[in-house]
Amino acid sequence: MWVVILLTIGLTLAMLRMLPGSIQPNIKRQFSIFKDKHTWSMTVLYILTFGSFIGFSMALPLSITVIFGFVNEVAADGTVTRVANPNAPSALTYAWIGPFIGALIRPLGGWISDKVGGSIVTQVISVVMVGASIAAGYVMQQAYGAAQPEQYFFLFLVLFLVLFAATGIGNGSTFRSIGVIYDREKAGPVLGWTSAVGAYGSFVAPIVIGEQVRAGTPEVAMYAFAVFYALCLILNWWFYLRRGAYVKNP
């Protein structure tokens with residue numbers, strides 16, 4: 001699957017590059033963004049924010065259904081099977097709240113970034129996302145093996161809402177940073193590229209979480225996300241916040 005994705009992206013870009021006619025000069029100008037190191041740093045940071053927002057929007061109902069919708073039943077021979085939980089919360093009732101909060105709070109992220117700088121806001125939400133991911137992973141682990149997983153549901157939901165709020169604010173901060181780093185000619189193509197890559201989060205996150213849930217270790221997925229968010233925190237600091245940064249707090 002991952003090979004197919006990379007081949008699809010590569011072939012699409014190669015075919016765009018070979019388009020004939022009067023559009024070719026404009027294509028060349030747009031492709032110049034790939035020679036800029038900030039394109040790649042902001043792509044990673046956009047995955048942190050927009051990619052996580054899209055991915056968690058798909059992963060939240062899956063997690064509610066699989067983790068809280070079933071309980072472990074131990075047979076006389078010691079085998080464990082998952083059976084339906086009669087007290088399970090409804091994914092349809094709660095799954096919309098996270099994306100709603102993330103989308104609603106996005107303008108606030110842009111407004112704060114205009115006041116204090118986009119990269120500072122991105123740094124703060126990265127720290128929040130590291131902590132919330134670790135905590136959510138632990139709660140998911142406890143719920144998965146519990147006789148009454150619904151007792152962990154409120155805390156699970158709150159942690160995911162924190163993640164959604166952080167991604168929404170981060171969407172605003174990274175959008176602002178791209179607008180400051182690039183001139184008008186390059187900002188559009190960079191936003192298009194980073195958004196396209198970030199959109200792959202809509203199936204990466206559910207697949208990763210789903211595989212770990214089936215393995216009985218849902219916390220592993222969230223811990224892995226926390227590691228990625230920590231790396232984004234370092235990347236953002238190196239490029240935009242440290243002394244001598246390439247662009248200071250765009």
Side-chain angles (χ1 to χ4, degrees), residues 47-75 78-106 108-109 124-171 198 201-230 232:
I47 294 172
L48 162 75
T49 57
F50 180 67
S52 294
F53 170 77
I54 296 294
F56 285 143
S57 297
M58 306 291 288
L60 180 58
L62 172 67
S63 299
I64 294 174
T65 300
V66 178
I67 295 176
F68 297 92
F70 298 88
V71 295
N72 292 332
E73 184 178 80
V74 182
T79 58
V80 179
T81 56
R82 299 282 287 173
V83 298
N85 177 14
N87 300 314
S90 170
L92 293 177
T93 302
Y94 298 99
W96 64 273
I97 302 176
F100 176 77
I101 288 178
L104 186 68
I105 205 170
R106 185 184 185 279
L108 178 63
V124 172
I125 66 102
S126 297
V127 173
V128 171
M129 291 176 71
V130 169
S133 296
I134 294 173
Y138 176 77
V139 171
M140 291 164 74
Q141 177 189 23
Q142 297 300 307
Y144 187 84
Q148 295 177 314
E150 63 274 9
Q151 65 183 315
Y152 295 97
F153 180 71
F154 177 75
L155 182 56
F156 161 85
L157 184 62
V158 168
L159 288 169
F160 259 83
L161 294 184
V162 170
L163 284 168
F164 273 107
T167 60
I169 292 173
N171 282 341
S202 63
F203 68 87
V204 172
I207 286 175
V208 171
I209 292 178
E211 288 178 347
Q212 293 304 317
V213 168
R214 284 191 292 271
T217 54
E219 73 280 3
V220 171
M222 299 306 297
Y223 295 162
F225 292 144
V227 171
F228 171 69
Y229 299 150
C232 290

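No experiment lies behind these values; they were computed from the predicted model shown.
Considering only heavy atoms from C-beta on, Gln141 stays 4.5 Å or farther from Val220 through its side chain. At a threshold of 4.5 Å between non-hydrogen side-chain atoms, the residues Met222 and Phe160 count as touching. Arg82 places a side-chain heavy atom less than 4.5 Å from the side chain of Tyr144. Side-chain contact between Leu60 and Tyr94: absent, with no pair of heavy atoms (C-beta onward) separated by less than 4.5 Å.
Rounded to the nearest 0.5 angstrom, Phe156 CZ and Leu161 CG are separated by 9.5 Å. Between the CG atom in Leu159 and the CD1 atom in Ile134 there is a gap of 11.5 Å [rounded to 0.5 Å].
A pairwise comparison of heavy atoms in Ile209 and Ser63 identifies CG2-OG, 3.7 Å as the closest pair. Between Phe70 and Pro149, the shortest heavy-atom distance links the atoms O-CG, 3.9 Å. When all heavy atoms of Pro218 and Val213 are compared, the pair lying nearest together is CB-CG2, 3.8 Å. The shortest non-hydrogen separation linking Ala166 to Val128 is CB-CG1, 4.3 Å. Of all the heavy atoms in Ala226 and Val130, the pair that sits closest is O-CG2, 3.7 Å. Smallest separation of non-hydrogen atoms from Thr167 and Leu48: CG2-O, 4.3 Å.
Applying the side chain to side chain donor-acceptor pair (under 3.5 Å) test to every pair with at least one member in residues 217-230, sequence neighbours left out, gives these pairs: Ser52-Tyr229, Gln212-Thr217.
Looking at residues two or more places apart in sequence or on another chain, you find no ring pair (Phe, Tyr, Trp, His ring centres under 6.0 Å) involving Tyr138. Glu150 meets the side chain to side chain donor-acceptor pair (under 3.5 Å) test with Asn85; sequence neighbours excluded.
The local environment of CZ in Phe228 is crowded, with over 12 non-hydrogen atoms from other residues, nucleotides or ligands closer than 6.0 Å.
Partner of Thr49 under the side chain to side chain contact (heavy atoms under 4.5 Å, CB included) criterion, out of Asn171, Ile169, Ile54: Asn171 alone.
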### Message
Using side-chain contact (heavy atoms from CB on, under 4.5 Å), reason through Phe153 and Ile67 one step at a time and then give a plain yes or no.
### Response
CA-CA 10 Å; Phe153 180 71; Ile67 295 176; over 6 Å; no
### Query
Given Tyr152 and Phe68, is the side-chain contact (heavy atoms from CB on, under 4.5 Å) satisfied, shown in steps?
CA-CA 9 Å; Tyr152 295 97; Phe68 297 92; 4.3 Å; yes
### Task
Give the intermediate values and the outcome of ring-ring contact (aromatic ring centres under 6.0 Å, His included) for residues Phe56 and Phe225.
CA-CA 11 Å; Phe56 285 143; Phe225 292 144; 5.8 Å; yes
